[in-house]
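Here the structure is laid out as structure tokens; the discussion comes afterwards.
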Amino acid sequence: MKSIYSIFVAAALSSTLCAAAERYSLWPRRPAEIEQAQRLLQANKPVEAVQLLQPLISMDGIAGQEARQIVGAVNVGTYLSLRHPGAAVYTVKKGDNLAKIASAVHCPFEVMMLLNGLVDPASMHVGQKLVYVPMKQQLEIDLPRREVLVWDGTTLVASYKLLSVEGVSGSGQKVQTTVSARDGYVAGGKIPAWSPMMGSSERSLVLGNGVVLSAGQGSGGKVLRMAQADLNELALLVGVGNPVTLVYKAADIPDAGQQIPAPAPVRK
């Protein structure tokens, strides 16, 4: 099933690889794994490309950043599709509505609509089979790297750029919090959490410590700015209650010449 997300992933991979070529032109030690991963992607072997880049995704610098972007662009298509490794089926019962079901199975309302091709939630009927995916991912916001990462255990699901950081600072290396709200805006006005318009709205995320991830809504306070398209996708991957780690200080990260152990293989 070809969806807007498969198109997005293809476009993201294309722009990622073009940007990589330009940046690496000034860096003589480009890892061979990056070039080999590009060849694998061109040969339509994304799983192999992701596995090849696993040792690089924990690195700092251009090598790590590019590896995370490529791996994230590949994996996000799986996590927002029927191929999600945790996909399950719910049978609609009498008295059910989509909002109630979404809350019970911990799958965002708009993700339920996306996975099942629903246009009108009221069209559901008793006995209907609905695919859902529990969104249990963890969000990592790395301020020194200006990156927003989504993890499912040791699997990197998605990687996004932070455009700016406003009023956010910390004395420790890491702070733990959760997603407290997933807001949607249409024409500048906030809409209800279970509105059918949520899927096409401009999204923002509010964290339990008062930090807001936004593309433009709101001003002042603690705001992390992202591109709206990235934020809309991020809001599909994490829900209210999902854990969040804010990294305020750079950790001791190996450089591109050091060997680091590979995380567990990406689940197929």
Side-chain angles (χ1 to χ4, degrees), residues 5 68 72 75-76 78-80 84-86 98-115 132-143 145-170 172-186 190-195 197-248:
Y5 291 99
R68 289 188 291 275
N75 285 347
V76 72
T78 297
Y79 272 71
L80 290 174
H84 188 291
L98 193 58
K100 178 181 177 181
I101 296 170
S103 178
V105 300
H106 305 289
C107 180
F109 182 88
E110 60 269 33
V111 175
M112 294 279 293
M113 294 186 67
L114 170 68
L115 294 175
Y132 69 91
V133 289
M135 290 296 175
K136 299 179 179 180
Q137 288 82 240
Q138 303 90 39
L139 186 59
E140 178 184 351
I141 303 174
D142 195 316
L143 299 178
R145 287 173 168 170
R146 291 294 193 267
E147 287 182 291
V148 177
L149 306 174
V150 181
W151 296 90
D152 184 356
T154 58
T155 298
L156 178 63
V157 177
S159 172
Y160 306 104
K161 293 181 180 179
L162 274 180
L163 301 180
S164 66
V165 177
E166 304 168 17
V168 180
S169 62
Q173 182 174 313
K174 295 182 179 180
V175 170
Q176 304 295 328
T177 184
T178 60
V179 176
S180 62
R182 300 162 63 252
D183 295 332
Y185 295 83
V186 174
K190 188 175 178 180
I191 61 176
W194 302 112
S195 169
M197 299 174 65
M198 188 63 81
S200 59
S201 67
E202 295 184 345
R203 309 306 304 275
S204 71
L205 293 176
V206 182
L207 307 185
N209 62 349
V211 173
V212 178
L213 281 78
S214 172
Q217 303 89 355
S219 60
K222 303 176 181 178
V223 182
L224 303 176
R225 302 288 181 187
M226 296 176 58
Q228 188 66 69
D230 288 348
L231 190 49
N232 287 351
E233 185 175 86
L234 176 61
L236 292 174
L237 292 167
V238 296
V240 173
N242 281 143
V244 180
T245 300
L246 282 96
V247 180
Y248 288 103

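Remember, predicted model here, so these are calculated numbers, not experimental data. FYI, side chains are in, hydrogens and waters are out, and symmetry mates aren't considered; it's all heavy atoms of this structure. Count residues from 1 along the sequence.
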Verdict with reasoning, L115 to H84, per side chain to side chain contact (heavy atoms under 4.5 Å, CB included)
CA-CA 10 Å; L115 294 175; H84 188 291; over 6 Å; no
Please report the C-alpha distance between L156 and W151 in whole Å, then the side-chain angles of each, then the deciding distance to 0.1 Å, and finally whether the side chain to side chain contact (heavy atoms under 4.5 Å, CB included) criterion is met.
CA-CA 5 Å; L156 178 63; W151 296 90; 3.8 Å; yes
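- In this structure, the separation between CG on N75 and CG on L80 is 11.0 Å, given to the nearest 0.5 Å.
- Residues K161 and M226 share a closest heavy-atom pair of O-CG, 3.9 Å.
- For R225 (side chain) and V165 (main-chain N/O), no donor-acceptor pair under 3.5 Å exists by modelled atom type.
- Each of V175, I141, T178 was evaluated against L207; a single residue qualifies, I141, per the side chain to side chain contact (heavy atoms under 4.5 Å, CB included) test.
- When atom types are taken as modelled, the side chain of Q137 and the backbone of V150 share no donor-acceptor pair closer than 3.5 angstrom.
- In this structure, the separation between OG on S204 and CG on L234 is 11.0 Å, given to the nearest 0.5 Å.
- A distance of 7.0 Å separates CZ of R203 from CG of L236, quoted to the nearest 0.5 Å.
- Residue A227 comes nearest to A215 through the heavy atom pair C-CB, 4.3 Å, listed as atom of the first residue, atom of the second, then distance.
- In this structure, the separation between CZ on R182 and CE on M135 is 9.0 Å, given to the nearest 0.5 Å.
- Although no hydrogens or angles enter the test, the distance criterion places a donor-acceptor pair under 3.5 Å between the side chain of T177 and the main chain of G208.
- Between P108 and A102, the shortest heavy-atom contact is C-CB, 4.3 Å.
- Between G167 and K222, the closest heavy-atom pair is O-CG, 3.4 Å.
- Put simply, the side chain of T245 never gets that close to the backbone of E140: no donor and acceptor are under 3.5 Å apart.
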Tell me, with the steps shown, if E233 and Y160 meet side chain to side chain donor-acceptor pair (under 3.5 Å).
CA-CA 10 Å; E233 185 175 86; Y160 306 104; 2.6 Å; yes
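- Taking both residues in full, the closest heavy atoms of A158 and L237 are given as CB-CD1, 3.8 Å, listed atom of the first, atom of the second, then distance.
- Not one N or O on the side chain of N232 forms a donor-acceptor pair closer than 3.5 Å with the backbone of E202.
- Rounded to the nearest 0.5 Å, atoms SG (C107) and CG (L98) are 9.0 Å apart.
- A 4.5 Å side-chain heavy-atom check between F109 and S103 finds every atom pair outside the cut-off.
- In this structure, the side chain of Q138 engages the main chain of K136 through a donor-acceptor pair within 3.5 Å.
- Side chains of L246 and N209 form a contact here, defined as non-hydrogen atoms less than 4.5 Å apart.
- Scanning all heavy atoms of the two residues, the minimum distance from S201 to G184 falls at OG-CA, 3.5 Å.
- Once rounded to the nearest 0.5 Å, the distance linking CG of D142 with CG of L162 reads 9.0 Å.
- Y132 is not listed as a side-chain neighbour of I101, based on a closest heavy-atom distance of 4.5 Å or more.
- When each of V240, V206, L205, V211 is paired with S180, the side chain to side chain contact (heavy atoms under 4.5 Å, CB included) condition holds for V206 and for no other.
- Looking at N242, its side chain never comes within 3.5 Å of a backbone N or O of V179 through a donor-acceptor pair.
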